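Just below is one structure, and these are the notes that go with it.
These numbers come from a predicted model, not from an experiment. Residues: numbered from 1 along the sequence shown.
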Amino acid sequence: MTPEFTHRFVPGAMASAPTILSLHGTGGDEHDLVPLARMIDGDSAILSLRGRVLENGKPRFFRRLSEGVFDQDDLRAQTLALGQFVNEAAARYHFDRSRVVVLGYSNGANIAASLLLTERDALAGAILLRPMVPFEPAAPPALTGIPILISAGRKDPIVPTPRTERLADLLHQSGATVSVLWQETGHALSPLELEQVTDWWRQTFGT
Ligand code: MLT
């Protein structure tokens, strides 16, 4: 049986636009990134999920043992569940499964990275805001030509720079077309960065 996620689906105005899969950060929910997804693309359908794990009452997409130390068994299980749910949601809401682009922030970006590193053809693109490498894959996955934007904060106290750089390297070695934007900020997103993300989307998906 397909695992269920609490979620919101917002239909798109244009069937040809990609569907944005939005995944919040720790303590967020399925409503958090909908306005940002809509700002990035006014026409896309949006599938926005709530993480199924609670940490002191705060939703997350997978368990962690401490800051930046992830429960790898749970990460694997939750990544699989996420992939299965998106497959099922495509049939339920009639969107093109081959044109799903993820928009993830922090913990949501980390499970999105895990999905990219685990499951072939799971995503047609990714915007990863404040991500880090979630695990080291045995071999680089095949991500040839998949556009991926990473936006990271030079002063981020939660995500050490080398862990973002390692993720960018891994995705690049896997054949993805990776762009990295370094912000002079911490873990919080900045208005300038959101404009840059929207520009990247326009250039990449042309909507
Ligand atoms: C978070 O607080 O969400 C961390 O920065 C990332 C994570 O634990 O996945």
Side-chain angles (χ1 to χ4, degrees), residues 1-7 18-26 28 30 33 47-53 55 59-65 67-92 95-152 159-160 162-180 204:
M1 217 176 76
T2 306
E4 188 59 34
F5 281 76
T6 300
H7 66 280
T19 293
I20 299 179
L21 168 65
S22 77
L23 306 174
H24 61 80
T26 301
E30 68 278 20
L33 294 181
L47 177 65
S48 191
L49 271 51
R50 186 191 304 180
R52 303 190 307 161
V53 165
E55 183 187 82
R60 284 177 55 84
F61 285 94
F62 57 89
R63 284 182 223 290
R64 64 180 161 182
L65 307 177
E67 185 68 72
V69 182
F70 302 146
D71 176 333
Q72 293 294 327
D73 290 340
D74 191 54
L75 175 60
R76 255 191 305 279
Q78 297 292 347
T79 302
L80 187 70
L82 172 63
Q84 288 173 342
F85 180 77
V86 176
N87 293 344
E88 206 272 328
R92 196 187 306 180
F95 60 81
D96 182 349
R97 178 64 189 87
S98 69
R99 300 207 67 217
V100 174
V101 179
V102 75
L103 166 68
Y105 170 62
S106 190
N107 181 244
N110 292 340
I111 195 159
S114 177
L115 188 60
L116 284 163
L117 295 174
T118 308
E119 205 177 296
R120 209 189 165 93
D121 300 329
L123 296 164
I127 297 173
L128 306 176
L129 307 171
R130 306 296 182 277
M132 57 178 113
V133 65
F135 70 93
E136 286 289 333
L143 295 171
T144 309
I146 303 245
I148 297 178
L149 177 66
I150 290 177
S151 188
V159 184
R163 283 191 72 176
T164 302
E165 286 173 341
R166 176 68 190 138
L167 176 64
D169 282 352
L170 262 175
L171 295 171
H172 179 70
Q173 284 162 21
S174 306
T177 305
V178 184
S179 312
V180 184
T204 307

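The OG atom of Ser106 sits 9.5 Å away from atom CG of Leu129, with the distance rounded to the nearest 0.5 Å. The CG atom of Asp74 lies 5.0 Å from the CZ atom of Arg63; values are rounded to the nearest 0.5 Å. In this structure, the separation between CD1 on Ile111 and CG on Leu116 is 11.5 Å, given to the nearest 0.5 Å. Rounding to the nearest 0.5 angstrom, the gap separating the CG atom in Leu33 from the CD1 atom in Ile20 is 10.0 Å. Going from atom CD1 of Ile127 over to atom OG of Ser179 covers 10.5 Å, rounded to the nearest 0.5 Å. Atom CZ of Phe5 is separated from atom CZ of Arg50 by 12.0 Å, given to the nearest 0.5 angstrom.
For residues 113-135, there are no ring-ring contact (aromatic ring centres under 6.0 Å, His included) pairs, not counting sequence neighbours. Every pair passing salt bridge (charged side-chain N to carboxylate O under 4.0 Å, His left out) that includes a residue from residues 79-91 is listed here, sequence neighbours excluded: Glu88-Arg92. Sorted by first then second residue, the side chain to side chain donor-acceptor pair (under 3.5 Å) pairs that include residues 163-174, not counting sequence neighbours, are Glu136-Arg166.
Looking only at distances, a side-chain donor or acceptor of Thr79 sits under 3.5 Å from a matching main-chain atom of Leu75. Judged by distance alone, with hydrogens and angles left aside, the side-chain atoms of Arg52 form no donor-acceptor pair with the main-chain N or O of Phe61 at under 3.5 Å. Formation of a donor-acceptor pair under 3.5 Å by the Asn107 side chain with backbone atoms of Arg60 is not found in this model. Proximity of a side-chain donor or acceptor of His24 to a complementary backbone N or O of Gly51 within less than 3.5 Å is detected. A distance-only check finds a donor-acceptor pair linking the side chain of Ser48 to the backbone of Glu30 [under 3.5 Å]. Although no hydrogens or angles enter the test, the distance criterion places a donor-acceptor pair under 3.5 Å between the side chain of Arg97 and the main chain of Ala122. When atom types are taken as modelled, the side chain of Asn110 and the backbone of Pro134 share no donor-acceptor pair closer than 3.5 angstrom.
Pro131 and Ile150 get closest at one heavy-atom pair: CG-CG2, 3.8 Å. Counting all heavy atoms, side chain and backbone alike, Ala168 lies closest to Val178 at O-CG2, 4.2 Å. A pairwise comparison of heavy atoms in Leu47 and Ala89 identifies CD2-CB, 3.8 Å as the closest pair. The minimum heavy-atom distance between Pro3 and Gln84, with the atom names listed, is CD-OE1, 3.2 Å.
Taking the six-membered ring for Trp and thresholds of 30 and 60 degrees, Phe70 and Phe62 have ring planes more than 60 degrees apart, a perpendicular arrangement.
At least one side-chain heavy atom of Leu117 sits under 4.5 Å from a side-chain heavy atom of Leu171. Leu123 places a side-chain heavy atom less than 4.5 Å from the side chain of Leu21. Using a 4.5 Å heavy-atom threshold, the side chains of Asp71 and Val53 count as separate. Looking at Leu82 and Leu23, their side chains come closer than 4.5 Å, going by heavy atoms from C-beta outward.
Of the residues listed (Leu167, Leu149, Leu103), the one engaging Leu128 in a side chain to side chain contact (heavy atoms under 4.5 Å, CB included) is Leu167, and it is the only one.
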Decide side chain to side chain contact (heavy atoms under 4.5 Å, CB included) for Thr19 and Asp96; before the verdict, give the C-alpha distance in whole Å, the side-chain angles of both, and the deciding distance to 0.1 Å.
CA-CA 8 Å; Thr19 293; Asp96 182 349; over 6 Å; no

